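These figures come from a predicted structure and were not determined experimentally. Atoms considered below: every heavy atom in the structure, side chains included; atoms not considered: hydrogens, waters and symmetry mates.
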Amino acid sequence: MANARRHAILYLVLVLICIANFQAASASHAHIVRLMGPQAVNLWKLDIAEAARHGSSRNAHLMLQISEQHPLNEEDNPERSVAEFPAHWFTQPLDHFSNTTSKFRQRYWINTRHYKSGTNAPVIVLDGGETSGEDRLPFLDTGIVEILAKATGGVGVVLEHRSLPVTELSTDSLRWLNNDQAAADSANFMANVKFPGIDEDITAPGHPWIYYGGSYAGARAAHMKILYPELVYGAIASSAVTHATLENWEYMEIIRRAADPKCSHSLEVAIESIDTVLKLPVFGQRLKALFGLADLQHDEDFVSLLESPLGAWQAKNWDPEVGSTRFDEFCNALNKPVFGSPYSASEHMVTSEGGLTVPLVVHNYAKYIKEHVVSRCPEDMSVEDCFGTWDDIKFQGTSTDETWRLWVFQVCTEWGYFSTAPPKGHPRIVSRLLTLDYESKVCQQAYPPGKHFAVPLLPNVTTVNVLGNFDIAADRLAIIDGEVDPWRPDTPHSEYATDREDTLLRPFKLIPNGVHHYDEFGLRNMYEEPPEILQIHEEMIEFVTAWLKDWKAPE
């Protein structure tokens, strides 16, 4: 019996390690896909292949729900949570706006540690956003859901975003994946869910619900307050990208301005030099060879790879347990000088074989890309196989393993956010070759017209912006952003938006030196958090409890 128990504990530990590793990888995958256009799919596939080689086979299910036609019970589900929060399922219509009888089952998880029945304590629901709901469980355990549930005696919930109960991810099958359907999912859940282990009816509108989301889910939190005010008593929109846009060049501009000035200057020098050399066919080929990419056919694919380390800025976090130092490591590698040289890497010129003369910072950049990006290309594949984006076939697999198709479909139909070069004459840390045409071409490559649906030539961002854009506002809708979040230009704290007063009824808060939805993360002991994080959490508790004092059940 003792041996069996030890084996069970060992198995549990191994499973938890695998889940933790996968969740970190899947969060990275989701971020890559959000940022880099067609090249993102290449990097996603390489990451997935690497994860599979290291034993994480769960990558095929990032956002996939289980079909009502093929139900799994909790005890039959090989991916069931082994922690405190088992998965539960809520049946949803596939299409809320037609008479279809097709259903799917939406996953959710609950935290009832602090729930005080019969007290009108709230339900704090966190929108899972564009990744697996399992990635959001830390927020149910120690993050913002736990913090607010503990402060209010409420129930904490993580609600996974709809994917699709389909057997393949073709254009037609994805046509129900949009903002309106996802919002209707949340509304139906709030109005009708029966939580296991809770006997009383705590559905909306007869009970106060506080809807939280970060990033894309932050926009959805704000949208829910606008679309379903009778169900959503209060909402907290963190790093909420309520402004959808085609060209999202400001993302890299935030990084350029917020990074260490030496690093930003080195990047500007490197990119200007690279763009200049690429105009000269012979030397352009030698330049690509310096990066280990001589056989990459298109210059656009080459410069898009150079963008990949910059996304590490968004991975910064105040909590070292979840934050990344990769951006700083990249900057250090970029600025590494020649030993004994009085010049910086951006000033020191180096001539390589073939007569190519470029700043040392370009050589440092090349070394980093070779070691950290090109090295991910397997030996049995060419760099064109790994990093080329002009072969349409690479983007047309519709297996449910191709989970990148889910978020990219939403990008291509409603949200946009193509990461392009800034306007001519503007300082830049990315190549001028990153145009809207290049970044958006994946939309037509990946989603050929179906019998029932065709992806537009460019996404209809008006569908999102009509809900409020930069000026989205309502009583009991809190807006929280990070000062140096690269997504800030798409939030109500954008420089393009009108400034607002910060009040209890309409909180409007900016976290100093904050990056992406910093308030969503938390420690078991809140008072061990950094001062600016503790402050925002205390302020959130203050305005939520103030909201709840005014709550009255509808008559």
Side-chain angles (χ1 to χ4, degrees), residues 12 16 19-20 23 27 74 77 79-90 105-129 131-161 185-186 189-190 192-204 207-214 217-218 220-221 224 231-236 238 319 321-322 478 517 519-529 533 536-538 540-541 544-545 547-548 551:
L12 177 62
L16 287 171
I19 288 176
Q23 288 175 348
E74 176 68 23
N77 183 359
E79 297 179 10
R80 66 184 183 272
S81 172
V82 294
E84 178 182 349
F85 312 114
H88 304 283
W89 304 86
F90 180 80
R105 300 207 301 167
Q106 186 173 28
R107 279 197 303 182
Y108 69 95
W109 298 259
I110 57 174
N111 173 349
T112 57
R113 292 171 182 167
H114 311 289
Y115 182 56
K116 298 177 182 177
S117 62
T119 62
N120 289 326
V123 178
I124 311 294
V125 58
L126 183 143
D127 189 302
T131 187
S132 165
E134 289 183 346
D135 294 341
R136 309 307 190 190
L137 294 187
F139 306 133
L140 194 64
D141 183 34
T142 61
I144 192 59
V145 180
E146 163 70 4
I147 289 169
L148 293 178
K150 183 177 181 180
T152 61
V155 174
V157 181
V158 167
L159 180 63
E160 191 167 52
H161 188 283
D185 286 341
S186 296
F189 177 85
M190 296 170 66
N192 294 291
V193 68
K194 305 297 181 187
F195 290 122
I198 297 179
D199 293 331
E200 63 179 322
D201 181 0
I202 57 173
T203 56
H207 205 80
W209 283 62
I210 307 295
Y211 201 105
Y212 179 96
R220 286 184 28 77
M224 286 298 297
L231 299 176
V232 179
Y233 181 68
I236 303 172
S238 177
D319 183 355
E321 293 296 318
V322 298
H517 50 88
D519 60 293
E520 197 162 5
F521 302 84
L523 299 181
R524 181 76 61 190
N525 181 356
M526 190 174 77
Y527 295 98
E528 294 178 355
E529 296 170 352
I533 303 303
I536 192 65
H537 285 159
E538 289 180 329
M540 294 170 79
I541 291 170
V544 168
T545 52
W547 292 351
L548 293 171
W551 186 81

Ignoring hydrogens, what is the shortest heavy-atom contact between [X] and [Y]? Give both atom names and the distance.
| X | Y | result |
| --- | --- | --- |
| Pro138 | Asp135 | CD-O, 3.4 Å |
| Ala149 | Gly156 | CB-N, 4.3 Å |
| Pro208 | Leu548 | CB-CD2, 3.9 Å |
| Ser186 | Tyr211 | OG-OH, 2.8 Å |

Does any part of the side chain of [Y], heavy atoms only, come nearer than 4.5 Å to the side chain of [X], both counted from C-beta?
| X | Y | value |
| --- | --- | --- |
| Leu137 | Asp141 | no |
| Tyr115 | Ile202 | yes |
| Val232 | Trp209 | no |
| Thr203 | Asn192 | no |
| Ile533 | Asp319 | no |
| Ile147 | Met540 | no |
| Tyr233 | Pro122 | no |
| Met526 | Ile541 | yes |

Between Phe189 and Val157, is a side-chain contact (heavy atoms from CB on, under 4.5 Å) present by the stated rule, with each step listed?
CA-CA 11 Å; Phe189 177 85; Val157 181; 4.1 Å; yes
Closer than 3.5 angstrom, by distance alone: can the side chain of Thr142 be matched with the main-chain N or O of Leu523 as a donor-acceptor pair?
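The answer is no, because no donor-acceptor pair under 3.5 Å joins these two groups.
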Test item: His161 side-chain N/O and Thr131 main-chain N/O as donor-acceptor pair under 3.5 Å
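Not confirmed, His161 side chain does not pair with Thr131 backbone.
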Centres of the Phe90 and Tyr108 rings: under 6.0 Å?
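No; Tyr108 has its ring centre 6.0 Å or more from that of Phe90.
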Around Asn525, counting heavy atoms of other residues, nucleotides and ligands shown, do more than 12 lie under 6.0 Å from its CG?
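Yes - once you tally the heavy atoms of other residues, nucleotides and ligands closer than 6.0 Å, there are more than 12.
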Does Glu200, at its CD atom, have more than 12 non-hydrogen atoms belonging to other residues, nucleotides or ligands within less than 6.0 Å?
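Counting neighbours around CD of Glu200, more than 12 heavy atoms of other residues, nucleotides or ligands fall under 6.0 Å, so yes.
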Please determine whether side-chain contact (heavy atoms from CB on, under 4.5 Å) holds for the pair Tyr527 and Glu538, giving the CA-CA distance in whole Å, both sets of side-chain angles, and the decisive distance to 0.1 Å.
CA-CA 10 Å; Tyr527 295 98; Glu538 289 180 329; 3.5 Å; yes
Could you tell me whether Arg136 and Glu520 make a salt bridge, using a distance below 4.0 angstrom between a side-chain N and a carboxylate O?
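No, this pair does not count.
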